[in-house]
Amino acid sequence: MLDDSFHVFDTTLRDGAQREGITLTVADKLAIARLLDEFGVGFIEGGWPGANPKDTEFFRRARTELQLRHARLTAFGATRRPGVRAADDPLVAALRDSGAPVVTLVAKSDARHVERALRTTLAENLAMVADTVAYLREHGQRVFVDCEHFFDGYRYDPEYALSVVRAAAEAGADVVVLCDTNGGMLPADVTAVVGAVHARTGARLGIHAQDDTGCAVANTLAAVDAGATHVQCTANGYGERVGNANLFSVVAALELKYDRRVLPKGGLREMTRVSQAVAEIVNIAPATHQPYVGVSAFAHKAGLHASAIKVDPDLYQHTDPALVGNDMRMLVSDMAGRASVELKARELGFDLSDDRAVLGRVVDRIKALESQGYSFEAADASLELLLREELGQPVRYFRAESWRVITERRAGERPEPSAVSAGGRLSSAVEGSELGSATGGGVRRAGERPEPTMASGGAPAVPAGSDAVAALSEATVKLHVKGERVIAAAEGNGPVNALDRALRSAMEGVYSAMAGFALTDYKVRILENTSGSDAVTRILVTFGDGRGEWTTVGVGENVIDASWTALEQAVTYGLLRQGYPSVS
Ligand SMILES: CC(=O)SCCNC(=O)CCNC(=O)[C@H](O)C(C)(C)COP(=O)(O)OP(=O)(O)OC[C@H]1O[C@@H](n2cnc3c(N)ncnc32)[C@H](O)[C@@H]1OP(=O)(O)O
Ligand SMILES: CC(=O)C(=O)O
């Protein structure tokens, strides 16, 4: 356990779970608690036992299933109800019986809330606080008191707000937590109020800041500046409405900027992993631009930044990403200069430091391609293929002579895409059968300008009341693979799926590793008026092979043609990853 003089108190499982869109099972809660304990927080607020069966069950299972190394489990609940003895309040009993060594009690500290929400007297509220704290202390539990709406209450009636702090501290609360429940405070308000309360009560103070003004982290640090020694936070800032103070930003600030050790040794380096793991469990995509732990937190795009970073990364970074388990990344785009490309190439394993000519050519090509709608930021695989071309090491495993896709929709039928329908080697192979009633299609021959095509255009409206219909696509590809002409056809539930399957069918006989490739993501973006032309489509295709993923980009006026470009590159890069030698 860390020393008790400063508390990092996590409330992901209680306030974090109050975020819209988060619903945690007991197993999720146990898994998050283990991660947070490993990370090294001092307290884990597990929920409100007695308020719902799931939280009660969590505390029951935690007794046997949670072996916490760093953290102390904390149960959350309210002070006793007005006019009832603490011993007779079933929710207080649930806190007592939770098995948690620590209890956080939420108490009213804004006189308006006492009179209008709680509908009791100011004196009875003070008695509720004091009785409940004393009762739980008698039962051997450590007690923290969350003073709800403290800052608003202090503005309205400071003497009453202070009397609640005193009632809690005098009854035995270890920490009185000042809560910005409505999240409307700014850092200067927090510093002033925390300083005044500290001076006038002498109580040990904590801070709980909601993020409604976007200042929760700043408000938390402002409270620390004014003497608070207990910070309540949530992983990734999850919480009621817009959220809470982000645990990772607060902890990193304390460790790296305040030089205050609040985590066990090594904890900070686990921060990015823990953040992403919690996001996985709550099923919310990690916020890419989150400070410290976001995938973009140390991603540099501007050419001028890159040229300085080449000299010293600290020139454009506020801290070393490795300290929080993150990585610096170079983004290459039309904002890149030679330095950006040099650093990106280094990331990909190429040393271009002595090759200004290649760097210049790559920058020029990237800028020209980006002006046509390409984007290499997320397509490292396409970028590496381009780099290799400029280095005179082009990668090629096949040449496409032509491809064609048709899409058919027949009323009253629900066709199922079959496995590859025809595949063969040499020109005698059966060509993919034409579907009799094609309603749209795509065709591309090497060396020809692509025809304007589209898969689903022109289909007649389905008459009302007809049976359900579904479209089925069929693709034929003609390739030259290692000197042989291969023709293959396949069906798919859409034109890209059919093309992907036909391409695999043609190649798998020669490159067996392709059987392990999976198309894991496909993104379409329509770009208006790129370089004054009509709208073009940008496609990003991601493939995986069980060991990793790679992304390629294709652009064109025709969505299928753009998809083909991205697919062709994805297969090429995948084979390169497997170590197959390029054939030309
Ligand atoms: C600021 C915060 O985020 S605090 C955390 C809030 N979290 C939650 O509310 C989630 C869990 N809550 C629940 O499951 C339910 O609200 C329960 C089980 C706690 C209570 O449910 P119910 O008994 O049906 O009451 P309900 O939710 O309608 O109202 C809350 C009651 O608590 C009272 N109350 C509110 N704050 C306090 C307090 N600090 N101390 C004692 N009682 C309080 C209210 O006056 C109200 O009393 P009433 O029933 O006499 O009107
Ligand atoms: C206690 C709490 O969650 C709040 O006051 O916001």
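Order of appearance sets the numbers: ligands from 1, and atoms from 1 within every ligand.
Below 3.5 Å of separation, one finds an N or O of Val106 facing an N or O of ligand 1. Considering both main-chain and side-chain atoms, Arg80 never comes within under 3.5 Å of ligand 1 through any nitrogen or oxygen pair. Some N or O of Thr79 is nearer than 3.5 Å to an N or O of ligand 1, by distance alone. Here's the thing with Asp15: none of its N/O atoms is less than 3.5 angstrom from an N/O atom of ligand 1.
Assignment of His113 to the shell around ligand 1 is not supported, since no heavy atom sits closer than 4.0 Å. Taking 4.0 Å as the cut-off, Arg14 counts as a neighbour of ligand 2 on heavy-atom distance. Within the structure, the closest approach of Arg119 to ligand 1 falls below 4.0 Å when heavy atoms are considered. Using a 4.0 angstrom heavy-atom cutoff, Asn52 does not count as in contact with ligand 1.
In this structure, atom 26 (P) of ligand 1 is not in close contact with the protein, since no protein heavy atom lies within 4.0 Å of it. There is a protein heavy atom closer than 4.0 angstrom to atom 5 (C) of ligand 1. Protein heavy atoms are found less than 4.0 angstrom from atom 31 (C) of ligand 1. Within the 4.0 angstrom cut-off, atom 16 (O) of ligand 1 has no protein heavy-atom neighbours. There is a protein heavy atom closer than 4.0 angstrom to atom 40 (N) of ligand 1.
At a heavy-atom cutoff of 4.0 Å, ligand 1 is contacted by no atom of Cys179, backbone or side chain. The residue Glu240 has no part lying near ligand 1, judged by heavy-atom distances below 4.0 Å. Heavy atoms of Gln210 found under 4.0 angstrom from ligand 2 belong exclusively to the side chain. Counting heavy atoms under 4.0 Å from ligand 2, residue Glu240 does not touch it at all. Proximity of Leu118 to ligand 1, defined as any heavy-atom pair under 4.0 Å, is shared by backbone and side chain alike.
Considering only non-hydrogen protein atoms, atom 1 (C) of ligand 2 sits nearest to Asp146 OD2, 3.4 Å.
The ring-ring contact (aromatic ring centres under 6.0 Å, His included) contacts involving residues 74-126 comprise Trp48-Phe76, His113-His149, where partners must be two or more places apart or lie in separate chains.
The ligand atoms of ligand 1 that sit less than 4.0 angstrom from a heavy atom of Ala117 are 45 (O). Residue-ligand proximity, Thr181 to ligand 2, at heavy-atom distances under 4.0 Å covers atoms 4 (C), 5 (O), 6 (O).
Remark: aromatic rings of Tyr154 and Tyr160 are distant, center separation not under 6.0 Å.
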